[in-house]
Each structure stands twice: as C-alpha cells, then as structure tokens.
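Encoded as structure tokens, the structure appears first; notes follow it.
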Amino acid sequence: MGMSFYKETGKSLLHILVGVTVLFFSLCGCSGTPAIPVDYDATGERPMLFPDYTGVTCPPDIAPMNFNVLNEGSRCVVAFFSGHRPAIVAGGRGTSVKFDAGKWRNMLAQHAGDSLRVEIYVECEGEWRRLAPFMLYVASEPIGSFLTYRLIEPGYIPYRRLGIYQRNLTNFEVQPVYENNVVDDVHEDHCINCHNYQNYGTDRMLFHVRENHGGTILVDGDSVMKVDFKIDSLPGGAVYPAWHPERPWIVFSTNHTGQAFHINHAERVEVVDMMSDLVFYDLERNTVRYVLHTDSVMETFPHWSPDGRKLYYTAAYVPEMVGLSASDRDVYSVENYKSLRYDVMAMEFNPQTGCFGEPVKVVACAENGKSASVARVSPDGRYVLYTLADYGQFHIWHKSADLWVHDLQTGTDYALKEANSRDAESYHSWSSNGRWIAFSSRRDDGCYTRVYIAYFDRNGRAHKAFMLPQENPEENILLLKSYNVPELTRERVNTASGRFEQTVLETAPVKVGFESGYCPSLQP
C-alpha cells in the first residue's frame, strides 16, 4: 500500500506513456458488447490497471471508471458480476476499457451499498486467461457532483496559461471558471489562485488575481466585484480564505511567503512563511480587521466549524522572530525552515459580538517533531482532517506529508493509512455529506499532483483512494499539468467565465477599509 503503481509494476512513466498512447490510438476499438470468453485459463495473475481501481470504494454517482489493462495482451474483456450474472461487460480490441455511461450509471444505482466482483480476461497470441478477480465496493452515499481545481505547470515559469475549472463528477463535463490565457501578453501575465466557496455552495465564492489586474474576485449572489486588500495596515494582503458557513464574512490569513530552491534534494522547493496573521473581512461593510497579530506566532490556513462558532487554523510558535526586521525574518525563515512546525489551533467565535476567544491547541504537533497544515472540519463537526509532515506548512512538496484525522469526540489522532502513499498528500476537502475526501497527491510519479478520492466511512476510517476518473484513461499522463486545490461543492458555478474575465480585466478594484480593534459588534 502506498507505493507508486509504476514502481510496483517495474514500469517507468515514460514506458507506460509510450505504451498506452500506442495502444490507445491503434487498438482502442472497444465498442459494442463483447462476449465473456468460454475457454480460458483461470490464473492468479494480479490485474495491473491504470488508474488502479482494484478494491476501491466508489460513490454511486461517479462517472465511468475507465482504465487501461497493463497486463500483456492484445484484447481484453471486463465483466462486473452481481452474484452469478454479469451486470455489465466491456472491452474489445486493445486494452483501453471504456464503459457505456448509461449502463455504468444504472449498474452503480442498482448496487449502491453493495459490491461487485470484477473479472478481467486478456487474450495473448490467441489464448485467453482470466486475471485474479477483485472487488468494486459501491457506497450508498453520493459524492455531491462537482469538483473545482486549478491546472498549473509544476515548474517555475511565468504563470500563464492558468485556469480554474469545474468538473461534473457524475460525467466528464468540464467547464472553465476562469482562464488567464487571453491573447494580450500583458493581460496574460497574471496569476489566479485560492478559489473558495461558502458551505459547499457557489452563490458566495472567491478567487485571487495577482500581479496585473490584481485583486480578489468576490461573488455574492448576482454581484461580482474586485476588492484590493493591499493596504498599509495589511502588508501581507489577503491570502488563504475561509468563508463563514452562513454570513458574508471571510477569515483570511495574511502572509508573506517565499520560495527556496534546493540544489540537490528530492523535494526540490521549500515554500516558507516569513510572516502570517489572521484577519476578518466583512463583505457587506467592505472592512477588514485583525483577528490575531503577533510577532511570535505565525497563523495560517483558517477554516470554520460547520456551525460558524469556532475557527480552526494552524500556527507555529517562533519567539526568535520577535523584534526582527522584515528582512531578518525572511533570512531566519529560510535558514530555519526545518524547525518551523505548526500545531492545529482553534478559537471560539461569537457571531453577535464578533469576538473571538483565546487560542486553544487542538493537536500538539510541534512537540512531537511534526507539523500540521490545512485543518478542515467535517460537515458533522466531529473530525478535523489535516496533513502531517516533518516540518513546514506548504506540504505539496513534502514527501513525508500524509492525511491525518483528529476525532473531536474521542480526542484521538490517527493516519488515514488506506488513503495515504509514500509521496506527498497535500490539499484536501470534504464532500458536503462528509463521506468523501478529495485530495491532491504526487504518488504516481513524484512530479505531478493528481486528484484522488477516498471514502470516509461512519467509523471514521478511510478506504483505498482512487484517481479521478477520465473519459480517456491516459489523460492524467498526457496532461502535463498539476491539479491544485481540489474543492468539492454541491452545485456548479453559475457565474459565467466571461463575466469573471470582464471583472478581472476591465474593473478597477475597490479598496478595502481597515478597522482597528479586535472585537467590534457585528449585529445588523
């Protein structure tokens, strides 16, 4: 468990890329309904699939889980059995298996909460053999339809040709939320990041635009506006966001971050915080104020509890930074990046007064030589899902980063072993019903982050994770971009991408107002 599939099978990514591309273009005539072979050799040979869907638990509303069979052969037949009768049969010439969408949807709907036995038959030089059967488990709970993510090259070139996209998980439909690949090079030179939604809906959402045309794009129902958080009282601007689940309020971390490049290191890059605090933004008033503002503690990645009465975040205690100039803080952070470790924290919140309580440590990580990031609370309020690594808070490059859970009812912490791998697990989000987790992982080749989905059962345990299904199973190899910040929502984004483009390129940002004090009344 956890080892790269390519490493397990002894095949390099380049070998598979060339092989499956040739198979796809020359042999993928997998149409019609093939017959299950009558004469075959039943073997114990392990099925080698890409993506690996063996033994996974899937939602009853997921798109067809098309895959390639990498075992030697020129033809294949795949049959899903419920009892002794096949529920669906697919295959044909070649080893790229694509399922009929209607038949797939009906099969999952009929077997929700049940399991299916999968048998794969492969022909090689006129002889058929059956690979070792495996199970596909179908959960009774749906995943909730939509996934938003950013596509970005995993290198260090100018941030152009970026896009934020939304995928309908019940099929293969993808719509752009916003792309920066307009024809004018000046317009093109702007970054977009940190898309975020209120309570799994899309009526209130946001994303940032950096550099040219900079500002935060905020959607509030039919209103779309651009806000400028770069003010003297807020030198770090607004960075990682968290919408209050009900009210038009957002808590941001305000950060000054930088990249440090390794000359010879498996993790290549280290992204470090030189300064970070928490701020509270009132959309109706267009005002911002500090929630926490200290030299000795760096707070980041806020997230609200489902009832909106508690704010979770991660924080590193760094007393050595007290009194340092901005440049000296930068130097200290880079030179001591391996000693920066973050705990999971929380504060009570009173929505009538707007006051936050005292910070309380929820998960003590630093004292155990570990560091937490991106603490996200489950919709039922019981579990805090976070990534845990050896140090730092930007875990997308940290091979030690794994998914962990803190059970607020029992006070226990444990790794989600069935979902983790030997490479980096980083950004993650819950489905609106709390039964599914979508997260980014580098497990396949160590370079590209791809979206994985795992079932989180009622006992608080994760099941084996599976790669986001694609119509063309080779797409996650052929697409030379990383999936970034996967966010699950119940509904599609209703704001047209053209309106976002107009707001970004043609609208002047509204300057945010600053409120001094930490506890003003928020009553209407």
Side-chain angles (χ1 to χ4, degrees), residues 58-63 139 141-151 163-179 192-208 216-224 240-252 283 301-308 312 374-381 383 385 426-440 449-456 465-470 483-497 499-500:
C58 72
D61 55 345
I62 198 70
E141 304 95 335
I143 192 168
S145 295
F146 294 95
L147 178 78
T148 311
Y149 49 84
R150 183 173 67 154
L151 290 179
I164 299 173
Y165 303 91
Q166 190 170 66
R167 162 75 182 272
N168 186 335
L169 293 175
T170 68
N171 53 47
F172 300 111
E173 176 187 293
V174 177
Q175 70 174 42
V177 176
Y178 177 75
E179 297 173 304
I192 49 176
N193 56 23
C194 295
H195 50 274
N196 193 262
Y197 303 94
Q198 183 183 55
N199 198 25
Y200 304 98
T202 60
D203 282 345
R204 284 180 175 149
M205 59 169 288
L206 67 84
F207 62 88
H208 295 311
T216 297
I217 308 302
L218 288 165
V219 175
D220 185 14
D222 294 330
S223 171
V224 182
Y240 304 121
W243 282 92
H244 187 274
E246 298 176 356
R247 302 292 295 274
W249 303 329
I250 310 168
V251 169
F252 292 96
L283 190 151
F301 287 114
H303 185 73
W304 292 95
S305 62
D307 62 5
Y312 289 83
V374 192
R376 308 291 294 266
V377 189
S378 61
D380 62 4
Y383 299 99
L385 176 65
S426 51
Y427 195 94
H428 45 268
S429 66
W430 295 93
S431 64
S432 60
N433 59 11
R435 295 278 73 86
W436 300 96
I437 301 166
F439 61 96
S440 56
T449 55
R450 298 181 176 92
V451 177
Y452 276 76
I453 297 169
Y455 182 58
F456 187 83
F466 63 91
M467 186 185 287
L468 175 67
Q470 305 287 358
Y483 290 81
N484 184 245
V485 189
E487 284 281 354
L488 291 164
T489 61
R490 295 186 304 266
E491 56 198 23
R492 70 171 68 249
V493 174
N494 291 315
T495 305
S497 59
R499 189 172 182 193
F500 281 133

Whether N199 side chain and E246 backbone form a donor-acceptor pair below 3.5 Å:
no
For the residue pair M205 and T489, establish whether any side-chain heavy-atom pair is separated by less than 4.5 Å.
no
To check you understand the geometry: which heavy-atom pair defines the closest contact between P306 and P245, and what is its length?
O-CG, 3.5 Å
Separation between CZ (R204) and CZ (R247), nearest 0.5 Å, reads 8.5 Å
I62 side chain near L169 side chain, heavy-atom distance below 4.5 Å:
yes
Parallel, tilted or perpendicular, as decided by the 30° and 60° cut-offs, for the rings of Y165 and Y149:
tilted
Looking only at non-hydrogen atoms, find the nearest pair between Y312 and S305 and report the distance.
CE1-CB, 4.1 Å
Using atom types as modelled and distance alone, determine if a side-chain donor or acceptor of N433 lies under 3.5 Å from a backbone N or O of P142.
yes
E141 side-chain N/O to P59 backbone N/O, donor-acceptor pair under 3.5 Å
no
Looking only at the aromatic ring of each residue, does the gap between the centers of F456 and W436 stay below 6.0 angstrom?
no
In the structure I gave you, are the side-chain heavy atoms of R492 and E173 within less than 4.5 Å of one another anywhere?
yes
Side chain proximity check, S440 to Y483, heavy atoms < 4.5 angstrom:
no
Derivation of the side chain to side chain contact (heavy atoms under 4.5 Å, CB included) call for L468 and R450:
CA-CA 8 Å; L468 175 67; R450 298 181 176 92; over 6 Å; no
Applying the side-chain hydrogen bond (donor to acceptor under 3.5 Å, both in side chains) test to H208, which of N196, T216, N193 qualifies?
T216
Roughly how far, to the nearest 0.5 Å, is the CG atom of L283 from the NE2 atom of H244?
13.5 Å
R150 vs V485, test: side chain to side chain contact (heavy atoms under 4.5 Å, CB included). Steps then yes/no.
CA-CA 6 Å; R150 183 173 67 154; V485 189; 5.7 Å; no
Check for a donor-acceptor pair, side chain of T170 on one end and backbone N or O of S145 on the other, with a separation under 3.5 Å.
no
Rounded distance (nearest 0.5 Å) linking atom OH of Y455 with atom CD1 of I143:
11.5 Å
With a 4.5 Å limit on heavy-atom distance, are the side chains of V224 and F500 in contact?
yes
Is the shortest side-chain heavy-atom distance between V493 and F146 below 4.5 Å?
no
Can you check side chain to side chain contact (heavy atoms under 4.5 Å, CB included) on F301 and R376, steps first, answer last?
CA-CA 9 Å; F301 287 114; R376 308 291 294 266; over 6 Å; no
Any S426 side-chain heavy atom under 4.5 Å of V374 side chain:
no
Closest non-hydrogen atoms of S497 and P176, given as atom of the first, atom of the second and distance, are CB-O, 3.7 Å
Nearest 0.5 Å please: distance from the CD1 atom of I217 over to the SG atom of C194.
13.0 Å
Kindly indicate whether the side chain of T495, heavy atoms from C-beta on, has any atom under 4.5 Å from the side chain of V177.
no
To check you understand the geometry: which heavy-atom pair defines the closest contact between A454 and F439, and what is its length?
CB-CE2, 4.2 Å
Spacing of D222 atom CG and R499 atom CZ [to the nearest 0.5 Å]
7.0 Å
Restricting to non-hydrogen atoms, name the atom on H428 and the atom on L385 that form the minimum distance, rounded to 0.1 Å.
NE2-O, 3.3 Å
If we count only N and O atoms by modelled type, under 3.5 Å, do the side chains of Y197 and T148 hold a donor and an acceptor together?
yes
Please report the C-alpha distance between Y178 and H195 in whole Å, then the side-chain angles of each, then the deciding distance to 0.1 Å, and finally whether the side chain to side chain contact (heavy atoms under 4.5 Å, CB included) criterion is met.
CA-CA 10 Å; Y178 177 75; H195 50 274; over 6 Å; no
Closest non-hydrogen contact found for R167 with A63 is NH2-CB, 3.8 Å
